[in-house]
Number of protein chains: 2
Amino acid sequence: MKDIKPKLIGLFKEGYCTPQIARIAKRMKEPATTIHYNIKRMEEENVIRTYKAVFDYKKINEGFCTFVLINLSPDEYGNPEKIAKELAKYPQIESIDICTGDCEMILKVRAKDQEEYYNLIKNVISRRGVIKIKTLTSLKQIKTEFVETE
Amino acid sequence: MKDIKPKLIGLFKEGYCTPQIARIAKRMKEPATTIHYNIKRMEEENVIRTYKAVFDYKKINEGFCTFVLINLSPDEYGNPEKIAKELAKYPQIESIDICTGDCEMILKVRAKDQEEYYNLIKNVISRRGVIKIKTLTSLKQIKTEFVETE
DNA sequence: AGATAAATTGCATAATATTCAATTATTTAT
DNA sequence: ATAAATAATTGAATATTATGCAATTTATCT
């Protein structure tokens with residue numbers, strides 16, 4: 001048996017999906033060509049970045065979700081983006097934002113469990129320039145990526 | 001001229017997309033029927049919740065992004081989900097999580113600008129049961145919904 | 001090991017996206 | 001205000017792609 005599921009999940013996290021033009025056309029009561037034209041324009045203008053899947057993360061072994069508030073040392077204030085872009089490579093990190101307020105950076109992280117998260121903190125997130133980390137653990141997700149999770 | 005764009009954005013936020021089976025099959029060097037079978041199974045098992053678009057939010061008038069840390073009054077600790085589910089109706093709210101740590105609930109919000117966000121705080125997020133709100137404003141988004149942004 | 005269920009696959013067909021050319025609407029320049 | 005140019009809409013034809021089905025292989029259970 002081939003282990004297709006993990007590969008599919010990988011591809012679907014960032015793309016490999018496409019709009020359902022016929023269904024949209026029916027729903028909006030417009031010709032499919034009109035819908036097609038408008039969508040292609042939005043793609044060309046980069047209004048739409050990608051089409052992707054949203055998962056039940058518990059079911060794909062990413063049930064442990066946290067928000068990580070990060071403080072940087074003053075020497076790093078100049079280019080927080082350098083650190084951010086390195087972190088972006090890690091597939092457990094759903095989002096990265098440079099912030100104002102109590103912290104300079106906020107991550108949303110999805111790991112298998114507390115242990116995997118701990119390793120991520122130890123090996124990836126803790127690094128020169130990061131002087132403080134505060135974790136808020138999600139106990140229950142009501143909505144994610146604009147999708148209500150029942 | 002028809003105003004198709006906003007309607008498309010609404011549909012694409014939560015669905016109206018579908019996997020590109022042929023492209024995945026080519027990429028993974030497997031027969032399309034095999035890919036099809038595996039995807040359908042993941043859909044039936046609700047491993048995949050939906051297929052959707054990811055936007056350049058600045059370009060769709062949702063450039064003002066914040067994380068909102070919410071404290072609830074002790075009387076509401078019993079069912080934070082009630083409030084959460086009411087908030088979930090609002091399309092500006094990308095995610096809602098019930099948390100441990102410094103707050104009981106954390107939202108990710110995308111509004112047009114500070115003014116629209118202010119109105120959301122006043123009219124929607126502030127309500128009986130919410131005793132404290134702290135906003136962290138995103139200055140720059142490096143990654144969102146698992147997708148690196150530019 | 002044999003029986004049962006699950007997964008993989010090729011082929012045929014149905015559904016869908018895409019191209020193209022023509023028409024209509026909108027914007028720009030004079 | 002009008003003409004010219006550009007952008008958006010559309011239907012019909014075609015090219016791609018998903019899907020259903022039956023056969024085969026692989027895995028699971030007793």
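What's counted below: heavy atoms across the whole structure, side chains too, no hydrogens, waters or symmetry copies. Every chain is numbered from 1 and lettered A, B, ... according to where its sequence line falls, protein lines coming before strand lines. Note that the structure is predicted; figures quoted are calculated from it, not measured.
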N or O in side chain of B/Thr33 less than 4.0 angstrom from C/dT8 OP1/OP2: no
Spacing of B/Ile21 atom CD1 relative to C/dT16 atom C1', expressed in whole Å: 12 Å
A/Glu44/A/Arg41 ion pair, N-O < 4.0 Å: no
Sugar-phosphate only, base, or nothing, as touched by A/Arg41 at under 4.0 Å among non-hydrogen atoms: sugar-phosphate
Selection from D/dT9, D/dA18, C/dT9 that lies nearest to any side-chain heavy atom of B/Thr34: C/dT9
Whole-Å gap separating C1' (D/dA7) and CD1 (B/Ile4): 13 Å
Within-4.5 Å side-chain heavy-atom neighbours: A/Cys65 and A/Lys108: yes
Interatomic distance, B/His36 NE2 vs C/dA15 C1' [rounded to whole Å]: 12 Å
Carboxylate-amine/guanidinium contact A/Lys52 A/Glu145, below 4.0 Å: yes
Charged N-O contact under 4.0 Å between B/Lys13 and B/Glu62: yes
Nearest-Å distance for atom pair CD/C1', residues B/Gln20 and D/dT19: 17 Å
Selected nucleotide, minimal atom distance to B/Asn38 side chain, candidates C/dG10, D/dT9, C/dT8: C/dT8
Distance in angstrom units between B/Ile35 CD1 and C/dG10 C1', rounded: 15 Å
side-chain hydrogen bond (donor to acceptor under 3.5 Å, both in side chains) between B/Gln20 and B/Tyr51, worked out: CA-CA 11 Å; B/Gln20 291 182 292; B/Tyr51 305 96; over 6 Å; no
Distance, rounded to the nearest Å, where B/Leu8 contributes CG and D/dA8 contributes C1': 14 Å
Whole-Å distance separating the CG atom of B/Asp3 from the P atom of C/dT26: 12 Å
Nearest-nucleotide 5' precedence on DNA chain D, A/Met1 against B/Lys40: B/Lys40
Per A/Tyr37 side chain, nearest of listed nucleotides C/dA17, D/dA8, C/dA7: D/dA8
Rounded interatomic separation in angstrom, taking CE from A/Met42 and P from D/dA7: 18 Å
Nearest listed nucleotide, side chain of A/Ala22, among D/dT10, C/dT16, C/dT8: C/dT16
Side-chain N or O of A/Lys2 closer than 4.0 Å to phosphate OP1/OP2 of C/dT8: no
